[in-house]
Amino acid sequence: MTRETWATRAGFILAAVGSAVGLGNIWRFPWITAENGGSAFLAVYLGIVLLVGVPGLLGMFVIGRRAKRNPVGALRSLSGSNRWGFAGGFLIFSSLVLISFYSVVGGWILRYFGESVVGLVTGNVRYFANPGAAFGAASAGLDAVAFHLVFLALAAVIIVAGIRGGIEIATKWMMPAIFTLLVGLGIWASTQSGAAEAYAFYLRFDVSTLQNNFFGLLGPAAGQALFTLSLGVGTMITYASYLDEDRSLPFDGATIAVLNTIVGVLAGLVVFPLLFTLGIEPGQTGTGAGALFVGLAGAFAQLPGGTLVATAFFAVVALAALSSAISILEISVSFLVDEYGLARRRAAGLVGGLVAVTGSVCALEPSVFGFVAGTLVDILLTVGLAVCLVFVGWVMGRDAITEFRNGAGSLGQTIATPWLFGVGVLLPIFLVFTLLTTFGVDGKIGFWPTVVAAVAVAIAAFVSLRSERSVV
Ligand code: PHE
Ligand code: NA
């Protein structure tokens, strides 16, 4: 059977944007920005997206499009060595860890979307009236497990329908819907009384954070850039493996990064005016889950027209989360389809069944959830991307340059060689540096990053020492 491909170029770009635009843009980005100096952080972040995010994205694309295989098959076939398959296996493992917590949050979002619709229809907003207690109930026990399973099932249905018939069609209407709704919400938010104060807070250029803590900002900025651009678990390798034409990868990568950044900035322009209007300190309800499900939910209960706004808002977040979840699950599905010849339906069933269990553990056990979402995922993504970029630089080498240039415009031809040096040498060093500074405690190197990094280095060393590839 021939391997599936995207029907159109826009299909590939929108699917990749669908992967990139997700919870990271809405529940992480505005708060990280606001907490770390506003647009001063934004400037650092944009620099990292340009110098780390986009080149990294292109590294993943080059691997995927060259090999036209899932991450395990890709690293194996491009290196000519079975042992690089272990590095691909590490990516698959990371993607399963990631989706285990991601689909739990996706479940909460679905729950809140459902409650908004109920509020809209019945006029009863009890769920948002007492947000702390409501979130406590929604995020624990069987409630959390049930909605996680519904979310997972939705993602699986789209995956089973295939690349063209499922992922491509779904993301083709989801992305315009997300952009339209967000712009509408942003306009509505701008009419709220707290809007001016919120913009001043969100976009303030706080130079002192740059002066006092420039190096301290690099870690969070890099972590956010990797997460939000879906780097380090093999999603972008997998999606690029379904490309059949040589179109410009640098152009596609830049487009994806720009659209993804716009959504993050827009999300802040929506959430902060709501909070400021009600006098809720953005930091008061914490970041992430607390900010979204407690702070914002409270705002929805009090603002006139809040239920309608809540419905639109949670629709945006649900679509964003779903299109990202699809891209995470597709990694393992493509692995089972390519390597073991499984039918998509069966592969999706197996992966879904596994994540149903691992996600339920995250849903039921807050300490596991906290460790996975707060620490482990960032470490796995950073190590995963570093390993892939070393692969691009040192194993693919000239082939990577050739692949980068295929279909690229004249600028792409020129930057191919500096790009390879950047991704093969500078970025892995930078990534390891951010790993050690971010997760170090009191200036000491953290325990978990050391363990993961040591294991990854040991595997990489083992692999390259025993590599059977004859150098051409
Ligand atoms: N980019 C997604 C988000 O911002 C998360 C993600 C990470 C998706 C890695 C796929 C792979 O929510
Ligand atoms: Na998404």
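When a ligand or atom number is given, it counts from 1 through the structure's own listing order.
For CZ of Phe214, the number of neighbouring non-hydrogen atoms (other residues, nucleotides, ligands) closer than 6.0 Å is 12 at most.
Evaluated for a side-chain contact (heavy atoms from CB on, under 4.5 Å) with Leu322, the options Ile158, Val317, Thr171 yield exactly one hit, Ile158. Applying the ring pair (Phe, Tyr, Trp, His ring centres under 6.0 Å) test between Phe12 and each of Tyr239, Phe251, Tyr242, Phe61 identifies Phe61 as the sole match.
Remark: ligand 1 and Gly24 share an N or O pair separated by less than 3.5 Å (distance only, no angle test). Considering both main-chain and side-chain atoms, Ser327 never comes within under 3.5 Å of ligand 1 through any nitrogen or oxygen pair. Looking at ligand 1, you won't find any N or O of Ile328 less than 3.5 Å from one of its N or O atoms.
Listed by atom number, the atoms of ligand 1 under 4.0 Å from Leu23 heavy atoms are 3 (C), 12 (O). Against a heavy-atom cut-off of under 4.0 Å, Val233 is close to the following atoms of ligand 1: 9 (C), 11 (C). Distances below 4.0 Å separate heavy atoms of Ser19 from the following atoms of ligand 1: 1 (N), 2 (C), 8 (C), 10 (C). Atoms of ligand 1 found under 4.0 Å from any heavy atom of Thr235 (numbered from 1 in listed order, with element): 10 (C), 11 (C). Heavy-atom contacts of Ala20 reach the following atoms of ligand 1: 1 (N), 2 (C), 3 (C), 4 (O) (cutoff under 4.0 Å). Listed by number with element, the atoms of ligand 1 under 4.0 angstrom from any heavy atom of Leu98 are 7 (C), 9 (C), 11 (C).
Sorted by first and then second residue, the salt bridge (charged side-chain N to carboxylate O under 4.0 Å, His left out) pairs with a member in residues 238-261 read Arg9-Asp252, Arg65-Asp246, Glu245-Arg247; sequence neighbours excluded. Listed by first and then second residue, the salt bridge (charged side-chain N to carboxylate O under 4.0 Å, His left out) pairs involving residues 143-161 are Arg111-Asp143 (not counting sequence neighbours).
Proximity of Ile262 to Val265: side-chain heavy atoms (C-beta onward) are nowhere separated by under 4.5 Å.
Under 4.0 angstrom from ligand 1, the non-hydrogen atoms of Phe227 come from both its backbone and its side chain.
Looking at Thr33 and Gln224, their side chains never bring a donor and an acceptor atom within 3.5 Å of each other.
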